[in-house]
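Encoded as structure tokens, the structure appears first; notes follow it.
Just so it is clear, the structure is predicted and the values come from calculations on it, not from any experiment.
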Amino acid sequence: MAQRPGTPRLLRQINDRAALELLISRGPLTRAELGELTGLSKVTSGQLLARLETRGLVTAAGERSGGRGPNAALYGVNPSSAYVAGLEVLPDSVTAAVADIAGTVVAQVTVDPSEARDPVGIVHEAVQRACETAGIELARLRCFVIGTRGVVDPLTGDVRYSVDLPTWHVGILAGLRTLLGECVIIENDVNLAALAEQAYGAARGADDFVILWTGVGQGLGVMLGGRLHRGITGGAGEIGWLPVPGEPLPSEVTAPQTGSFQRLVGGEALRNLARSHGLATPDMGGAEVADLVRTAIDAGNEDFVEDLAGRLAVGVAAVSVVLDPGLVVLSGDVGRAGGAHLAERVEEAVARVCPSRPTVLATRVEGNPVLMGAIVAALDQAREEVFSDTV
């Protein structure tokens with residue numbers, strides 16, 4: 001049998017990639033530890049580290065005591081070998097964060113969208129400011145991932161529509177790529193929150209789960225087989241439109257507040273629910289509704305909590321009988337405010353109406369889940385490029 005040309009090179013690439021992933025996930029390692037984890041000999045692992053060090057991807061990271069013998073050198077991924085940017089775009093703010101290839105956020109800034117006339121301009125401005133804060137050149141960013149409200153077409157990558165962001169439309173992605181480079185990705189914000197939950201939160205390591213986002217709007221992030229499920233048109237997860245018995249069907253699909261599930265668990269619905277349980281409810285937006293949920297739990301108003309859990313359980317049960325994800329994570333303003341207490345009540349309510357009983361947990365992601373998910377997605381893309389080009 002003829003030897004396949006390039007096979008030694010391919011094996012080196014595979015070994016290099018495996019070593020870099022281990023150095024990311026397990027922290028600094030000695031040559032012996034890396035050899036043991038990869039199954040490579042000391043000589044081969046030494047050659048591998050030398051090759052990666054020459055390419056600027058690996059650097060010395062201290063020493064580890066070896067008992068009686070000399071200390072062993074530790075090696076880690078060079079964090080400054082590449083950078084990425086993640087952004088969250090909201091109607092009243094755009095937040096950009098820059099992270100190194102190891103995943104450490106080195107800068108974060110928030111800008112006012114009114115400072116630029118168009119989405120391309122405001123994204124560019126936010127990224128530039130973040131890079132200036134981090135002290136790096138914009139050209140060193142390998143990938144940009146932008147989280148937005150609305151539906152993103154999975155075929156074109158463009159925003160199909162976003163009620164809250166009317167200036168984000170078809171053609172924005174092309175403009176961003178012209179200015180920033182080809183590795184610009186626009187993604188639905190709840191999908192990015194699901195990535196953050198899988199990497200850092202309640203769904204860490206899970207391949208099948210959904211994240212129910214409740215707040216100003218309602219959304220669902222669906223992870224099946226370790227991959228985001230977006231649907232043919234990108235509309236998977238628009239749970240605010242879920243038909244609900246007893247609630248009117250939408251009168252106009254361009255008016256998201258008319259969705260049946262939105263009517264059941266949206267801000268106005270929760271304010272009315274709070275009033276019915278004797279809670280003071282000034283005219284409040286999404287974040288204030290979250291404060292109301294937190295206050296009700298702190299005050300021990302279990303009637304309110306049970307009614308809220310029953311409403312959320314309608315959506316969770318509908319998803320569970322179709323997808324049977326096994327795990328549902330409550331996120332968004334309301335899910336975060338309700339915490340473990342609300343999650344437990346939702347799990348109990350779902351069990352009463354659903355033949356499959358999913359585990360329901362509150363989000364465990366610290367900080368901004370959309371921004372963190374954007375960084376996770378950007379790092380996946382950047383590492384694929386950087387870690388695959390070592391030979």
Side-chain angles (χ1 to χ4, degrees), residues 86-91 93-95 145-154 157 159-165 168 185-204 206 208-224 226-242 256-257 259 261-262 264-267 286-287 289-290 312 315-316 318-320 322-323 325 327-338 343 346 358 360-378 380:
L87 295 94
E88 181 187 31
V89 177
L90 296 172
S93 67
V94 175
T95 301
V145 174
I146 303 164
T148 70
R149 295 176 181 173
V151 175
V152 178
D153 190 321
V159 177
R160 279 206 301 122
Y161 70 85
S162 178
V163 175
D164 292 331
L165 301 167
W168 284 71
I185 299 167
I186 302 174
E187 182 61 272
N188 173 266
D189 55 353
V190 181
N191 283 345
L192 292 179
L195 291 179
E197 207 69 58
Q198 185 185 47
Y200 306 113
R204 189 165 188 171
D208 295 272
F209 69 94
V210 300
I211 175 173
L212 178 62
W213 181 280
T214 51
V216 175
Q218 320 311 316
L220 191 78
V222 181
M223 189 75 70
L224 298 176
R227 301 180 63 181
L228 282 171
H229 177 73
R230 299 177 176 85
I232 296 298
T233 66
E238 294 296 314
I239 197 172
W241 300 104
L242 179 73
Q257 297 303 316
F261 191 62
Q262 174 69 29
L264 187 67
V265 299
V289 169
L312 294 174
V316 174
V319 171
S320 296
V322 175
L323 299 180
L327 172 63
V328 177
V329 180
L330 302 185
S331 189
D333 291 331
V334 173
R336 186 179 293 272
V346 172
V360 181
L361 299 175
T363 177
R364 294 176 186 166
V365 174
E366 300 292 336
N368 184 327
V370 176
L371 198 63
M372 292 183 67
I375 291 171
V376 169
D380 283 346

Report the distance from atom [atom1] of [X] to atom [atom2] of [Y], rounding to the nearest 0.5 Å.
X: Leu323; Y: Met223; atom1: CG; atom2: CE; value: 13.0 Å
X: Leu228; Y: Leu192; atom1: CG; atom2: CG; value: 8.0 Å
X: Leu361; Y: Phe209; atom1: CG; atom2: CZ; value: 11.0 Å
X: Asn191; Y: Thr148; atom1: CG; atom2: OG1; value: 10.0 Å
X: Ile211; Y: Leu330; atom1: CD1; atom2: CG; value: 9.0 Å

Closer than 3.5 angstrom, by distance alone: can the side chain of [X] be matched with the main-chain N or O of [Y] as a donor-acceptor pair?
X: Asn188; Y: Gly150; answer: yes
X: Gln262; Y: Trp241; answer: no
X: Arg160; Y: Thr233; answer: yes
X: Glu197; Y: Ala202; answer: yes

> Which pairs pass salt bridge (Lys or Arg N to Asp or Glu O under 4.0 Å) with one or both residues in residues 230-242, sequence neighbours excluded?
Replying inline: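 Salt bridge (Lys or Arg N to Asp or Glu O under 4.0 Å) check on residues 230-242 returns Glu187-Arg230.
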
Any side-chain heavy-atom pair of [X] and [Y] under 4.5 Å:
X: Ile186; Y: Trp168; answer: yes
X: Val346; Y: Val316; answer: yes
X: Pro358; Y: Leu327; answer: no
X: Phe261; Y: Leu220; answer: no

> Looking only at heavy atoms, which two atoms of Gly215 and Asp333 are closest? And how far apart?
Replying inline: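 The answer is CA-CB, 4.3 Å.
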
>> Going by the rule salt bridge (Lys or Arg N to Asp or Glu O under 4.0 Å), which residues pair with Asp164 if we only count those two or more places apart in sequence or in a different chain?
In response: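 Residues passing salt bridge (Lys or Arg N to Asp or Glu O under 4.0 Å) with Asp164: Arg149.
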
> Can you name the residues that form a side chain to side chain donor-acceptor pair (under 3.5 Å) with Arg204, not counting sequence neighbours?
Replying inline: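 By the side chain to side chain donor-acceptor pair (under 3.5 Å) rule, Arg204 matches no residue at all.
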
